[in-house]
Visitor: 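To start, I am sharing the structure in question, which I have written as structure tokens.
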Amino acid sequence: MPKIKTRQQMGCLLACFHWTMIVFTVGLWTPVYLAARRKRVTVTYLPDDPK
């Protein structure tokens, strides 16, 4: 016999809390991500073309 599973919807207060935590988490990790991305940049100097 198949099992039927249903999921209840989040309440309004819980949904607001959930999205607030997502936004704050993204806001906290954005500077870390940008700093790591900035750190990976390498600069290569090419010698002048002697002619």
Visitor: Side-chain polar contacts of residues 3-13 - donor-acceptor pairs under 3.5 angstrom, sequence neighbours left out - could you list them?
Guide:
none

Visitor: For Gly27 versus Pro31, what's the shortest heavy-atom pair and its separation?
Guide: O-CD, 3.3 Å
Visitor: Show me the donor-acceptor pairs, under 3.5 Å and distance only, between side chains in residues 17-26 and residues at least two apart or in other chains.
Guide:
residue, atom, partner, partner atom, Å
Thr20, OG1, Cys16, O, 2.6
Thr25, OG1, Met21, O, 2.6

Visitor: With clusters built from Ile, Leu, Val, Met, Phe, Trp and Tyr whose side-chain heavy atoms come within less than 4.5 Å, directly or transitively, what are the remaining members of the cluster of Tyr33, listed by chain and number?
Guide: Leu34
